[in-house]
Amino acid sequence: MTDIIDGKAFAAKLRDRVGEQAAKFARAAGRKAGLAVVLVGEDPASQVYVRSKHKATVAANMESFEYRLPADTAAADLLALIEKLNADRAVDGILVQLPLPAHLDEQAVIAAISPDKDVDGFHVTNAGRLAVGQSGFVPCTPLGCMMLLTDRLGDLSGLEAVVIGRSNIVGKPMAQLLLDANATVTIAHSRTKDLPAVVRRADIVVAAVGRAEMVKADWLKPGATVIDVGINRLPPAEGEEKGRLVGDVDYAGAQDVAGAVTPVPGGVGPMTIAVLLRNTLVAAHRAEGIDLPEGAL
Ligand code: NAP
């Protein structure tokens with residue numbers, strides 16, 4: 001019998017804990033923790049994400065600052081806004097919603113964010129800190145996956161973990177986190193030979209590819225814990241307006257084989273915003289020199 005890892009419920013509890021600690025922070029600091037979200041252009045998916053981040057931030061007793069800029073915003077104007085937010089003591093976390101319009105250089109924009117306010121964990125300073133084991137900010141999605149894994153498995157020492165995907169925002173930081181937790185880590189990607197055989201040796205599979213239901217049930221080692229990061233929309237079936245959302249793993253097939261698996265939607269997705277709020281609250285405590293009790297989040 002395969003367990004379903006309920007990321008939605010886990011994320012709700014995490015948001016509650018963040019909300020409680022955020023209220024304590026506001027009393028101690030005399031101000032709320034603040035998250036600034038910058039959206040350039042009118043990408044519909046990004047608008048949905050920004051709206052839900054705003055709602056979740058306010059619900060967690062934090063201040064939400066939203067900046068919506070036109071799609072033709074000049075790089076200099078965006079960088080000037082980031083400079084202003086870097087200097088603003090009411091702002092603890094800065095998130096620039098990606099993707100940016102093509103004329104803007106994403107790496108240059110991320111580099112402009114103060115690493116101490118980089119709650120997305122995308123700045124090279126934070127990537128470097130993660131690589132060498134210093135505390136910084138870890139990208140929200142892989143940190144959320146890690147929370148689900150340790151909640152399920154406890155100690156990951158010596159377990160075989162296969163991460164499929166090597167992006168800077170998911171695959172690579174995920175592998176680092178697993179390595180820090182003493183798993184034996186393999187990173188697979190589009191050039192990996194015999195991916196099914198690589199996946200078959202894994203006690204932990206993290207799929208972050210972006211290919212609908214690519215990981216088949218017969219690739220999985222029986223009992224494996226499967227974290228499905230992928231979000232893919234299938235073409236609409238007859239009578240459907242929109243196609244179904246599916247992950248990178250054949251979820252139905254995995255039911256007979258995996259020990260536990262995250263659903264899509266309702267698995268990793270809700271963890272991302274919850275961890276963003278957590279990172280923002282951590283940034284606020286660091287900015288004010290206030291201790292966050294060990295294990296509070
Ligand atoms: P990405 O930057 O496109 O990276 C995809 C990775 O998958 C690449 O490393 C690529 O290998 C690898 N890949 C592609 N085809 C493959 C194949 N046939 N076999 C093995 N590996 C293959 O994507 P991403 O940003 O990491 O996102 C991955 C997925 O997670 C997407 O579906 C995205 O929507 C989802 N996502 C979800 C959340 C969330 O909140 N739940 C957050 C972020 C991303 P190469 O490097 O060799 O090209």
Side-chain angles (χ1 to χ4, degrees), residues 5-12 14-15 37 43-46 48-53 56 95-100 106-107 110 119-122 127 130 137-149 161-178 185-202 205-216 218-220 226-235 242-251 261-279:
I5 299 176
D6 189 344
K8 199 173 164 190
F10 192 100
L14 175 57
R15 287 200 311 271
V37 176
D43 177 63
S46 294
V48 173
Y49 294 141
V50 167
R51 236 191 333 270
S52 43
K53 281 168 189 167
L95 180 150
V96 177
Q97 185 66 45
L98 303 179
L100 288 170
E106 283 186 359
Q107 287 308 319
I110 292 167
V119 286
D120 251 344
F122 294 167
L130 177 61
F137 290 107
V138 177
C140 302
T141 302
L143 185 53
C145 293
M146 203 59 195
M147 288 178 180
L148 296 177
L149 279 169
V162 172
V163 179
I164 319 174
R166 55 174 163 180
S167 70
N168 290 334
I169 61 168
V170 189
K172 282 184 201 157
M174 186 74 234
Q176 289 285 356
L177 289 169
L178 287 161
V185 184
T186 303
I187 307 178
H189 46 76
S190 66
R191 312 290 174 88
T192 297
K193 287 190 182 139
D194 199 357
L195 184 59
V198 173
V199 173
R200 220 166 269 136
R201 55 172 201 251
V205 180
V206 180
V209 183
R211 287 176 176 251
E213 300 174 325
M214 182 187 86
V215 177
K216 305 299 177 204
D218 67 356
W219 298 15
L220 299 174
V226 181
I227 304 290
D228 192 350
V229 183
I231 303 175
N232 312 286
R233 196 171 284 285
L234 293 177
K242 270 197 207 164
R244 257 184 333 119
L245 281 184
V246 296
D248 290 341
V249 177
D250 170 11
Y251 181 72
V261 62
T262 58
V264 177
V268 173
M271 290 300 293
T272 300
I273 290 186
V275 174
L276 173 69
L277 302 176
R278 176 228 175 252
N279 282 357

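Counting starts at 1 for both ligands and their atoms, following the listed order.
- Looking at V209 against ligand 1, both its backbone and its side chain come within 4.0 Å, counting heavy atoms.
- The backbone N or O of G210 sits less than 3.5 Å from a side-chain atom of D248, completing a donor-acceptor pair.
- Put simply, the side chain of Q97 never gets that close to the backbone of V37: no donor and acceptor are under 3.5 Å apart.
- Only the side chain of I169 comes within 4.0 Å of ligand 1, judged by heavy-atom distances.
- Looking at S190 next to ligand 1, an N or O pair under 3.5 Å apart turns up.
- In the candidate list L245, T272, I231, N168, I231 is nearest to atom 34 (O) of ligand 1, counting heavy atoms.
- Counting atoms of ligand 1 from 1 in the listed order, those under 4.0 Å from a heavy atom of G165 are 6 (C), 7 (O), 9 (O).
- Counting heavy atoms under 4.0 Å from ligand 1, residue V170 touches it through the side chain alone.
- Taking 4.0 Å as the cut-off, M214 counts as a neighbour of ligand 1 on heavy-atom distance.
- Each of the following atoms of ligand 1 lies closer than 4.0 Å to a heavy atom of V268: 41 (N).
- Taking every heavy atom of A208 and a limit of under 4.0 angstrom, the matching atoms of ligand 1 come to 5 (C), 6 (C), 7 (O), 28 (C).
- Of the possible polar contacts, one joining the R200 side chain to the D218 backbone as a donor-acceptor pair under 3.5 Å is found.
- Of the N or O atoms in R191, none lie within a sub-3.5 Å distance of an N or O in ligand 1.
- Contact annotation for V229 and ligand 1: heavy atoms of both the backbone and the side chain come within less than 4.0 Å of the ligand.
- Side chain of T192 to main chain of L195: no donor-acceptor pair is present (N/O by atom type, distance under 3.5 Å, no hydrogens or angles).
- Which parts of ligand 1 touch G269 is read off a 4.0 Å heavy-atom cut-off, strictly below it: atoms 41 (N).
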